[in-house]
Amino acid sequence: MKSVFSITLGTICRRILALVILIAPGPVCAATWQATAGTQSADEGIQALAFLPNGLWIHAGDGIMWTFPTPEIHTVTFLQQNTNPEQLRPARPGVGPQGGCPHPPGMPNTTPDGSSFDGSTCLTSPELVDGRTYTVMFPAAGNFKLVCLVHNNMTGAVHVLGPRDTLPHDQAFYDDQAQNQETELLSDGAALQLRATATAEQSSEDANSNTNSNGTAVTAGIGEIVSTGEGSDTVSVMRFQQNTIVVHVKDTVEWTNLDPVTAHTVTFGFPNSDPAPPQLPSSPTSPPVGMLVTVDSDLARHADVTSPTDDVHSGFLVAALQERGPPPPVPPLPNPPPAFAPLSQSPLTVTHFRVTFTTPGTFNYRCILHDNLGMKGQVIVLR
């Protein structure tokens, strides 16, 4: 017969063993985090070109599912990041074989949903819209830059920690952060829209001080770029401000794109298809062929429109790329590697388009890049 002491000691030992098993390190369940690519105002006229939230901290083995809620196209893209310099940014997947991730002939230039990224290769979604989703798995720790191949200043970061590291935030925090970012960006967009209207009205007033016209200036988009600490967001107003104006025969209307990064067009006619190619010659001093467009001495494109059925296209109106000098090497290096090589200056680009109307009528126009969002206008020409 065992003593009470031996029975008690045995029970204690078993309980200690069970407790050790319970607290011993074991596999951590992988999580799928939720994020968003882009958001918009109710009328789709203000587009927040942003990853919401802009930065996430997750564990190795976790995944992130991005939802694309708007009709404006975006990609979720991670370029190869284990080289110096890092991979050159490719064109967006939708432009053809040269866009998207490098790939052998005949192979897709996008990466299947649910693929893994560890920095050693390129990964990109297709161009997605209208509630589609795309998930990326992160099997290894690292810090990875996130970009959209459609919008230059839509970037973010994913920080992948070891499975035993403590994460600084949970999903509820990221949901709140994303909502706050969305509210701020759309509020900024509404303010920009008012500013664009005021700019167009003032320009028209200045131009029309000696005429009977009530508008000769139109703002063709406006926007801003916001730094977030984890990347950058862009808010763009996809609207013509003073989108309906009344002028007289022989008046000239000028469209100006005030957006620092988003391109727009002013396109009359082309009822059955978009202009091909959509962009005019890269040199702003080279007039396009067959579209009734010339180039003024200040590099603005100019067209004379004689009929509401004329096919006239501005080409892309877009600001020059932001100037980028080489980042300072730390510590200073006597022979800087290619990552620190000087970069050439960005040339001037075309941001103005002028149209002189030679006959009365109603002339409808649109931005071929964003007419699906409602970016359209009308010029009423009186005698």
Side-chain angles (χ1 to χ4, degrees), residues 40-47 71-73 193 196-197 199-201 203-204 207-208 211-223 236-259 262-280 287-296 300-318 350-383:
Q40 63 186 4
S41 60
D43 67 354
E44 301 180 352
I46 301 173
Q47 293 288 324
E72 174 70 3
I73 58 175
Q193 196 163 17
T197 300
T199 299
E201 290 174 347
S203 297
S204 294
N208 299 332
T211 71
N212 293 322
S213 300
N214 64 2
T216 57
V218 180
T219 299
I222 188 171
S236 289
V237 177
M238 311 293 194
R239 287 291 184 270
F240 296 107
Q241 302 306 132
Q242 292 213 124
N243 63 327
T244 299
I245 60 174
V246 179
V247 298
H248 291 84
V249 170
K250 296 185 180 180
D251 280 350
T252 297
V253 178
E254 179 169 331
W255 286 262
T256 302
N257 184 359
L258 301 182
D259 197 294
T262 301
H264 298 293
T265 77
V266 177
T267 305
F268 294 83
F270 295 95
N272 300 317
S273 63
D274 289 341
Q279 176 60 309
L280 301 182
V289 178
M291 290 188 183
L292 309 178
V293 177
T294 59
V295 178
D296 289 344
R301 293 189 179 122
H302 197 146
D304 289 343
V305 176
T306 61
S307 167
T309 61
D310 283 349
D311 292 339
V312 176
H313 176 58
S314 66
F316 293 166
L317 305 178
V318 60
V350 177
T351 56
H352 301 275
F353 183 56
R354 300 177 184 130
V355 174
T356 300
F357 295 89
T358 61
T359 57
T362 298
F363 298 78
N364 297 312
Y365 65 93
R366 61 195 171 100
C367 169
I368 64 168
L369 301 175
H370 304 111
D371 53 346
N372 64 311
L373 302 175
M375 192 167 181
K376 302 175 182 180
Q378 185 178 81
V379 180
I380 301 170
V381 182
L382 307 178
R383 292 190 182 276

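All values below come from the heavy atoms of this structure, side chains included, with hydrogens, waters and symmetry mates left out. Please read these numbers as outputs of a predicted model, since none were measured by experiment.
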Could you tell me which non-hydrogen atom of [X] sits nearest to which non-hydrogen atom of [Y], and how far apart they are?
{"X": "Val312", "Y": "Val305", "answer": "CG2-CG2, 3.9 Å"}
{"X": "Met238", "Y": "Thr262", "answer": "CE-CG2, 4.0 Å"}
{"X": "Pro71", "Y": "Gln40", "answer": "CD-OE1, 3.2 Å"}
{"X": "Val379", "Y": "Val253", "answer": "CG1-CG2, 4.5 Å"}
{"X": "Arg301", "Y": "Ser314", "answer": "NH1-O, 2.8 Å"}
{"X": "Ala303", "Y": "Val293", "answer": "CB-CG2, 4.2 Å"}

Atom pair [atom1] ([X]) and [atom2] ([Y]), whose distance is rounded to the nearest 0.5 Å:
{"X": "Thr306", "Y": "Asp304", "atom1": "OG1", "atom2": "CG", "answer": "8.5 Å"}
{"X": "Glu254", "Y": "Thr216", "atom1": "CD", "atom2": "OG1", "answer": "8.5 Å"}
{"X": "Leu373", "Y": "Glu44", "atom1": "CG", "atom2": "CD", "answer": "5.5 Å"}
{"X": "Asn257", "Y": "Phe353", "atom1": "CG", "atom2": "CZ", "answer": "13.5 Å"}
{"X": "Leu369", "Y": "Ile73", "atom1": "CG", "atom2": "CD1", "answer": "9.0 Å"}
{"X": "Thr359", "Y": "Asp310", "atom1": "OG1", "atom2": "CG", "answer": "7.5 Å"}

Below 4.5 Å, heavy atoms only, C-beta onward: do [X] and [Y] meet side chain to side chain?
{"X": "Thr358", "Y": "Ser307", "answer": "no"}
{"X": "Thr197", "Y": "Arg239", "answer": "no"}
{"X": "Thr356", "Y": "His302", "answer": "yes"}
{"X": "His370", "Y": "Glu72", "answer": "yes"}
{"X": "Val355", "Y": "Trp255", "answer": "yes"}
{"X": "Met375", "Y": "Phe240", "answer": "yes"}
{"X": "Asn364", "Y": "Lys376", "answer": "no"}
{"X": "Ile222", "Y": "Gln241", "answer": "no"}

For His352 and Asp296, run side chain to side chain contact (heavy atoms under 4.5 Å, CB included): C-alpha distance rounded to whole Å, both residues' side-chain angles, the deciding distance at 0.1 Å, then the answer. CA-CA 10 Å; His352 301 275; Asp296 289 344; over 6 Å; no
Please check this pair: side chain of [X] against backbone of [Y], looking for a donor-acceptor N/O pair closer than 3.5 Å.
{"X": "Gln193", "Y": "Val237", "answer": "no"}
{"X": "Asp311", "Y": "Phe270", "answer": "yes"}
{"X": "Asp371", "Y": "Arg366", "answer": "no"}

Without hydrogens or angle criteria, can the side chains of Asp259 and Ser236 be said to hold a donor-acceptor pair below 3.5 Å?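 Side-chain D/A pair, Asp259 to Ser236: present.
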Can you label the angle between the Tyr365 ring and the Phe268 ring as parallel, tilted or perpendicular, going by 30° and 60°?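 The rings of Tyr365 and Phe268 sit tilted, inter-plane angle from 30° to 60°.
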